[in-house]
Q: 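This is the structure I have questions about; it appears just below.
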Number of protein chains: 2
Amino acid sequence: MSLPHAILTALLEKPSSGLELTRRFDRSIGYFWSSTHQQIYRELGKLEEAGRIRALPTATPARGQKKEYEVLPAGREELAAWVALPEDPRPVRDPLLLRMRAAAVVGASGMGAELRRHLALHERQLAEYREIEERDFTPAPTTDEGRLRYLVLRGGIDLETFWIGWLTRAIADLDG
Amino acid sequence: MSLPHAILTALLEKPSSGLELTRRFDRSIGYFWSSTHQQIYRELGKLEEAGRIRALPTATPARGQKKEYEVLPAGREELAAWVALPEDPRPVRDPLLLRMRAAAVVGASGMGAELRRHLALHERQLAEYREIEERDFTPAPTTDEGRLRYLVLRGGIDLETFWIGWLTRAIADLDG
DNA sequence: GGAACCATGTAAAAAGTTACATGATTTG
DNA sequence: CAAATCATGTAACTTTTTACATGGTTCC
């Protein structure tokens with residue numbers, strides 16, 4: 001239920017075309033709510049039909065032609081209402097932890113290499129977050145908006161740090 | 001693509017009926033791969049049809065009658081093959097981090113209370129994990145199976161610890 | 001004019017959620 | 001025997017994923 005809200009947020013940050021949104025769902029906003037271009041185009045259509053966003057009149061509405069969207073007041077209200085709504089954390093669904101549990105039953109051959117591979121991936125992601133931190137949040141932000149965005153980034157940093165710590169320990173445990 | 005494997009793992013740990021599986025998906029295995037009874041029954045049907053599991057002949061196959069399943073060799077092989085397969089971490093999709101990012105744009109009214117609510121939920125979950133740790137993994141397990149299962153539990157513990165740390169910091173940041 | 005890429009989509013299938021249905025067993 | 005609970009399912013819907021389709025623009 002959150003994809004439309006992710007899109008509204010991204011469009012409020014900056015009016016964009018579908019492809020631009022897709023690119024931002026591969027970095028920025030997509031670090032916390034991932035999506036594909038197919039889902040994004042479909043959802044843009046729904047949001048437009050529902051009167052939450054509109055296509056800027058700059059472009060002709062033909063296939064293959066760029067179409068920019070901006071958020072309408074109804075869209076901003078909808079987003080503000082969603083932000084105010086309580087919502088429980090999602091139950092965890094993690095394939096690696098599940099795989100480890102399965103490995104406890106059928107044997108853990110090859111798990112070591114897989115854990116090291118994941119460790120490298122998480123280290124790369126952490127490095128990316130650190131770059132963003134240095135580029136966008138040094139010195140520390142002073143506005144409310146900046147502080148909130150920094151908190152979100154730190155969520156990503158802490159999450160990757162958790163994975164790196166756990167994986168490192170798991171690798172040591174399996175070897176020793 | 002992991003639900004059938006979660007079920008195979010659970011059934012290898014202990015042959016069960018659909019409802020027993022459902023209960024275990026509310027604690028144990030479900031801490032890392034959550035599911036509902038509807039999905040579980042549907043998947044049990046598919047797994048049986050595919051020859052990965054079979055119903056124990058103890059019970060009559062009538063509606064409302066308990067039906068116990070056990071894993072067949074083909075199911076164990078399938079699970080072992082899946083464990084050996086590399087698979088990238090899922091892209092993150094977290095509603096709270098997304099909501100925080102939206103709050104940076106439309107204002108963060110009420111976020112403080114919501115963060116405190118989440119903090120309490122994660123503290124409860126951590127306490128539950130700690131109980132399991134004390135009950136099942138003290139003293140430290142010596143078998144490979146035990147050590148792997150303990151690693152999975154520590155994954156849960158570390159994950160909750162991450163949330164508690166981040167939420168605590170976020171609450172302080174918002175107030176200050 | 002062909003290749004590469006920009007840009008927007010459609011279609012179908014799989015996975016997950018929500019609401020409801022139904023029979024069996026236990027317990028007051 | 002009524003209510004609660006155990007136990008297994010069906011149906012409809014939403015969300016997500018995967019594969020494919022199509023037109024426009026740029027650059028060699």
Side-chain angles (χ1 to χ4, degrees), chain A residues 1-8 10-11 15-26 29-30 32-50 53-56 58-69 82 87-95 98, chain B residues 1-8 10-11 15-26 29-30 32-50 53-56 58-69 82 87-95 98:
Chain A
M1 261 302 289
S2 298
L3 177 58
H5 303 115
I7 290 176
L8 287 173
L11 285 182
S16 309
S17 66
L19 189 65
E20 279 163 9
L21 274 180
T22 300
R23 300 224 189 293
R24 286 163 66 200
F25 271 82
D26 283 336
I29 193 108
F32 309 105
W33 198 271
S34 72
S35 192
T36 60
H37 82 270
Q38 292 91 335
Q39 250 187 307
I40 288 167
Y41 282 115
R42 191 151 18 90
E43 203 61 47
L44 281 172
K46 284 192 205 167
L47 283 168
E48 186 176 22
E49 197 184 359
I53 64 176
R54 66 161 187 167
L56 291 178
T58 51
T60 54
R63 193 183 184 118
Q65 291 289 52
K66 197 158 94 169
K67 209 159 51 168
E68 286 235 310
Y69 290 96
W82 176 72
E87 189 182 347
D88 284 352
R90 295 256 164 122
V92 176
R93 225 171 244 172
D94 185 85
L98 177 62
Chain B
M1 261 302 292
S2 298
L3 177 58
H5 303 114
I7 291 177
L8 287 174
L11 285 182
S16 309
S17 68
L19 189 65
E20 278 163 10
L21 274 180
T22 300
R23 299 226 191 292
R24 286 162 66 198
F25 271 82
D26 283 336
I29 193 107
F32 310 104
W33 199 272
S34 72
S35 191
T36 60
H37 83 269
Q38 292 91 335
Q39 248 188 309
I40 288 167
Y41 282 116
R42 188 147 26 86
E43 204 61 45
L44 282 172
K46 284 192 205 167
L47 283 168
E48 187 176 20
E49 198 184 358
I53 63 175
R54 64 160 189 171
L56 291 177
T58 52
T60 54
R63 193 180 183 119
Q65 293 287 53
K66 197 159 94 170
K67 207 160 48 167
E68 286 235 309
Y69 290 96
W82 176 72
E87 189 183 348
D88 283 352
R90 294 257 165 122
V92 176
R93 224 170 245 172
D94 185 86
L98 177 63

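The chains referred to below are lettered A, B, ... by the order of the sequence lines, with proteins before strands, and numbering in each begins at 1.
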Q: Might you point out which heavy atoms bring Phe25(A) and Ser34(A) nearest each other, and give the distance in Å?
A: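 Closest approach of Phe25(A) to Ser34(A): CD2-C, 4.2 Å.
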Q: Going by heavy atoms closer than 4.0 Å, what residues in residues 42-50 of chain B are next to DNA chain D?
A: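 Within residues 42-50 of chain B, no residue comes under 4.0 Å of DNA chain D.
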Q: Taking only the side-chain heavy atoms of Lys66(B) (C-beta and beyond), determine which of dT17(D), dT16(D), dA7(D) contains the nearest atom.
A: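 Closest nucleotide to the Lys66(B) side chain: dA7(D).
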Q: Could you state the atom-to-atom distance from CD of Glu87(A) to P of dT17(C) in whole Å?
A: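 Nearest whole value for this atom pair: 12 Å.
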Q: Mind calculating the distance between CG (Leu56(B)) and P (dT8(D)) to the nearest angstrom?
A: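 To the nearest whole Å, that distance equals 12 Å.
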Q: Whole Å only: how far is the NE2 atom of His37(A) from the C1' atom of dT16(D)?
A: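 Rounded to the whole Å, the gap is 14 Å.
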Q: Name all residues meeting the side chain to side chain contact (heavy atoms under 4.5 Å, CB included) criterion together with Pro89(B); count only those two or more places apart in sequence or in a different chain, and write none if there are none.
A: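 Here the qualifying residues are His118(A), Leu121(A), His122(A).
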Q: Out of dA19(C), dT8(D), dG9(C), which has the shortest distance to the side chain of Gln38(B)?
A: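 When the side chain of Gln38(B) is considered, dA19(C) is the closest of dA19(C), dT8(D), dG9(C).
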Q: Taking atom C1' of dT17(C) as reference, at what distance in whole Å does atom CG of Leu3(B) sit?
A: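 Going from CG in Leu3(B) over to C1' in dT17(C) covers 13 Å.
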Q: Would you mind telling me which of dT8(D), dT10(C), dA7(C) lies closest to the side-chain atoms of Lys67(B)?
A: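 Shortest atom-to-atom distance from the side chain points to dT8(D).
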Q: Over how many whole Å does the gap from Ile40(B) atom CD1 to dT10(D) atom P extend?
A: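 Distance check: Ile40(B) CD1 to dT10(D) P gives 15 Å.
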Q: Residues in salt bridge (charged side-chain N to carboxylate O under 4.0 Å, His left out) with Arg54(A), at least two apart?
A: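 For Arg54(A) the salt bridge (charged side-chain N to carboxylate O under 4.0 Å, His left out) partners, ignoring immediate neighbours, are Glu70(A).
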Q: Taking C-beta and beyond as the side chain, do Leu98(A) and Ile29(B) meet within less than 4.5 Å on heavy atoms?
A: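 Leu98(A) vs Ile29(B): side chains touch.
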Q: Working to the nearest 0.5 angstrom, can you tell me the gap between Ser17(A) OG and Tyr69(A) OH?
A: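 Nearest 0.5 Å value for the OG-OH distance: 9.5 Å.
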Q: Please state how far atom CD1 in Ile7(B) lies from atom P in dA15(C), giving the value in whole angstrom units.
A: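 Atom CD1 in Ile7(B) sits about 12 Å away from atom P in dA15(C).
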Q: Within this structure, what is the CG-CG distance for the pair Leu21(B) and Leu11(B), rounded to the nearest 0.5 Å?
A: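 Here the rounded value is 5.0 Å.
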Q: State whether Arg93(A) places a side-chain N or O below 4.0 Å from either non-bridging phosphate oxygen (OP1 or OP2) of dT16(D).
A: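 False: Arg93(A) side-chain N/O out of range (4.0 Å or more) of dT16(D) OP1/OP2.
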Q: Please name all residues satisfying salt bridge (charged side-chain N to carboxylate O under 4.0 Å, His left out) with Arg24(A), sequence neighbours left out, ordered by chain then number.
A: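 Testing Arg24(A) for salt bridge (charged side-chain N to carboxylate O under 4.0 Å, His left out), a comparison that skips the adjacent residues, returns Glu13(A).
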Q: Which pairs would a plain distance check flag for residues 39-50 of chain B, meaning a side-chain donor or acceptor within less than 3.5 Å of a matching protein atom at least two apart in sequence or in another chain?
A:
unit_1	atom_1	unit_2	atom_2	d
Gln39(B)	OE1	Ser35(B)	OG	3.2
Tyr41(B)	OH	Leu19(B)	N	3.3

Q: Which residues, if any, of residues 16-25 of chain A bring a heavy atom under 4.0 Å of DNA chain C?
A: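 Only Ser17(A), Gly18(A), Leu19(A), Arg23(A) qualify.
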Q: Closest-nucleotide mapping onto DNA chain D: is Trp33(A) or Tyr41(B) further toward the 5' terminus? I mean the 5' end.
A: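 Its nearest nucleotide being more 5', the pick is Tyr41(B).
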Q: Got a second to check how far Arg93(B)'s CZ is from Ser2(A)'s OG, nearest 0.5 Å?
A: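 Atom-to-atom, Arg93(B):CZ and Ser2(A):OG are 9.5 Å apart.
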